[in-house]
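Below is one structure, written out as structure tokens; the observations come after it.
Per chain, numbering begins at 1; letters A, B, ... match sequence-line order.
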Amino acid sequence: MPELPEVETVRRTLKNFIIGKEITKITVHYDNIITGDTNAFVTSLTGQTIRDIDRVGKYLIFILDTQAFISHLRMEGKYNIVAASKPLNKHEHLSFLFSDGSELRYQDTRKFGRLELVNKETYRHDLPLCKLGPEPWDADPQAIYRKIHKSNLPIKTLLLDQSLMAGIGNIYANEICFRMKIHPATPGKRLSKKRVAELIDVSTEILTQAITQGGTTIHSFDANGITGLFQVQLQVHLQKNCSVCNGAITKEMVRGRGTYYCPTCQKKQG
DNA sequence: CTAGTTCCCTGGCCGC
DNA sequence: TGCGGCCAGGGAACTA
């Protein structure tokens, strides 16, 4: 699933292909992919030119002449850029036809992703983006500590809370806990101020590094379109053996989410 | 206010 | 081989 680094890679890749293109027609093949009124979405954006693509947390924001819309890829959302003549595949739910004959298509096997028209001037302060916390590099250790130092929720669950910090999903939450040498089920209140500061540093480092690695694919597509997925060196997620002690990695559910950790290296304490 | 639950979807997997 | 059942998973909406 795309998390902040993958979404950032999609943003950069997409910018190379669609900035300056004028939308001449929008076709919605699956109505529920649009939050809000589909007709308003189509009529507001038709005739507009794409000027920029922004990102906040895992959201992409497409900026046009006088309009803007947000796109959340959720689990399997991706973008394809194809010739308009190419037959629609069964998971392409939305098509933006450009005046040059190319087409941007939103594809999503599980139909979990959503697009929504937003106010171009105020979207950062409106729902749903206003609910997002800072990205790790903007996070204030004091503020984060204040929010979690009484919480019984597992640290991994807190990492997934987008209102605390934005951009971290299941994969990177596992990786961050591993790098912190902390058991994912450790209650938030067990972390000292120092450990919270470290948590922010590690989160920043892991996401930044992943973006850098994604940078190598920026000018290309993979076979499945622009997904932002690339070879990230994962240390625990989906791994069989610990890269540090070589012991077996444990997989268990933490608050309903598949969680990988090394029982030897990751202890249940701050 | 915080925490817990349900729902959205479909491909892939399991068991028979 | 085919089919039914189950399940992951981000975030919104809802309930306790």
Side-chain angles (χ1 to χ4, degrees), chain A residues 1-8 10-11 28-38 55-61 69-79 88-94 106-118 123-124 126-136 143-177 184-190 203 207 210 223-225 227-229 234 236-239 250-261:
Chain A
M1 69 250 42
E3 305 182 24
L4 188 153
E6 290 76 25
V7 177
E8 176 61 16
V10 171
R11 184 186 77 84
V28 180
H29 310 104
Y30 176 73
D31 203 62
N32 286 353
I33 221 76
I34 310 284
T35 296
D37 183 50
T38 302
R55 182 192 55 70
V56 179
K58 301 179 203 172
Y59 287 86
L60 289 168
I61 304 99
F69 67 92
I70 58 175
S71 168
H72 195 299
L73 306 173
R74 294 283 184 97
M75 310 304 296
E76 303 193 7
K78 53 200 69 168
Y79 281 98
L88 203 69
N89 86 38
K90 74 185 271 204
H91 298 300
E92 289 173 332
H93 307 306
L94 182 64
Y106 178 71
Q107 174 182 114
D108 192 339
T109 355
R110 287 196 189 166
K111 299 178 175 173
F112 264 29
R114 292 291 180 266
L115 292 90
E116 181 179 5
L117 207 57
V118 293
Y123 66 84
R124 275 178 176 270
D126 301 334
L127 283 170
L129 300 192
C130 66
K131 286 205 168 180
L132 299 176
E135 290 170 0
I144 302 295
Y145 177 79
R146 211 177 307 126
K147 287 185 179 175
I148 70 171
H149 82 287
K150 287 181 181 169
S151 177
N152 288 311
L153 288 174
I155 187 60
K156 178 177 173 224
T157 304
L158 293 167
L159 283 169
L160 294 173
D161 181 348
Q162 302 299 300
S163 69
L164 187 65
M165 283 199 282
I168 299 166
N170 201 41
I171 297 171
Y172 292 112
N174 285 333
E175 293 296 313
I176 291 164
C177 290
T186 307
K189 64 181 178 189
R190 299 269 282 276
S203 302
L207 295 194
N224 300 312
T227 63
L229 296 174
L234 297 175
V236 270
H237 193 261
L238 297 177
Q239 304 303 302
T250 298
K251 186 196 177 189
E252 65 185 43
M253 301 302 268
V254 173
R255 299 277 157 150
R257 293 283 183 262
T259 301
Y260 294 78
Y261 68 96

Measure from CG on A:Leu129 to C1' on C:dG11 and round the result to the nearest Å.
13 Å
For A:Lys131, answer base if it contacts any base atom (sugar-phosphate contacts may also be present), sugar-phosphate if it contacts only those atoms, and nothing otherwise; contact means non-hydrogen atoms under 4.0 Å.
nothing
Any side-chain to backbone donor/acceptor pair from A:Glu116 onto A:Ile34? Under 3.5 Å, distance only.
no
Base, sugar-phosphate alone, or nothing: which one does A:Gly256 contact when heavy atoms must sit under 4.0 Å apart?
nothing
Examine distances only and state if a side-chain atom of A:Asn170 and a backbone atom of A:Gly258 form a donor-acceptor pair shorter than 3.5 Å.
yes
Parallel, tilted or perpendicular: which describes the rings of A:His91 and A:His93, with under 30° parallel and over 60° perpendicular?
perpendicular
Toward the 5' end of DNA chain B, which comes first, A:Arg74 or A:His91, by nearest nucleotide?
A:Arg74
To the nearest angstrom, how far is A:Arg114 atom CZ from C:dA13 atom C1'?
13 Å
For A:Asp161 and A:Leu153, what are the C-alpha separation, side-chain angles and deciding distance, and is it a side-chain contact (heavy atoms from CB on, under 4.5 Å)?
CA-CA 11 Å; A:Asp161 181 348; A:Leu153 288 174; over 6 Å; no
Roughly, in whole Å, what's the span from CD in A:Glu3 to P in C:dG11?
9 Å
Strictly distance-based, threshold 3.5 Å: is any side-chain N or O of A:Glu76 a donor or acceptor partner for the main-chain N or O of A:Arg74?
no
Testing A:Lys156, A:Glu252, A:His237 one by one against A:Thr259 for a side chain to side chain donor-acceptor pair (under 3.5 Å), which residue passes?
A:Lys156
Within the 4.0 Å heavy-atom criterion, would you say A:Asp108 contacts the bases, only the backbone, or no part of the nucleic acid?
nothing
Taking atom C1' of C:dG10 as reference, at what distance in whole Å does atom NZ of A:Lys58 sit?
6 Å
Provide, to the nearest angstrom, the distance between the CD atom belonging to A:Glu76 and the P atom belonging to B:dG12.
9 Å
Nearest to the side chain of A:Asn170 - C:dG11, C:dG9, C:dA8?
C:dG9
May I have the distance from A:Ile33 (atom CD1) to C:dA12 (atom C1'), rounded to whole angstrom?
15 Å
Is there a donor on the side chain of A:Arg110 or the base of C:dA8 sitting less than 3.5 Å from an acceptor on the other?
yes
Quick check on C:dG10: is either OP1 or OP2 less than 4.0 Å from any side-chain nitrogen or oxygen of A:His72?
no
Any residue in residues 147-157 of chain A with a heavy atom nearer than 4.0 angstrom to DNA chain B? Just list them by number, or reply none.
A:Ser151, A:Leu153
From NZ of A:Lys111 across to C1' of C:dA8 the rounded distance in Å is 18 Å
For B:dC8, does OP1 or OP2 lie under 4.0 Å from any side-chain N or O of A:Asn32?
no
Are OP1 or OP2 of B:dC9 and a side-chain N or O of A:Tyr30 less than 4.0 angstrom apart?
yes
Rounded off to whole Å, could you give me the CE-to-C1' distance for the A:Met75 and B:dG12 pair?
14 Å
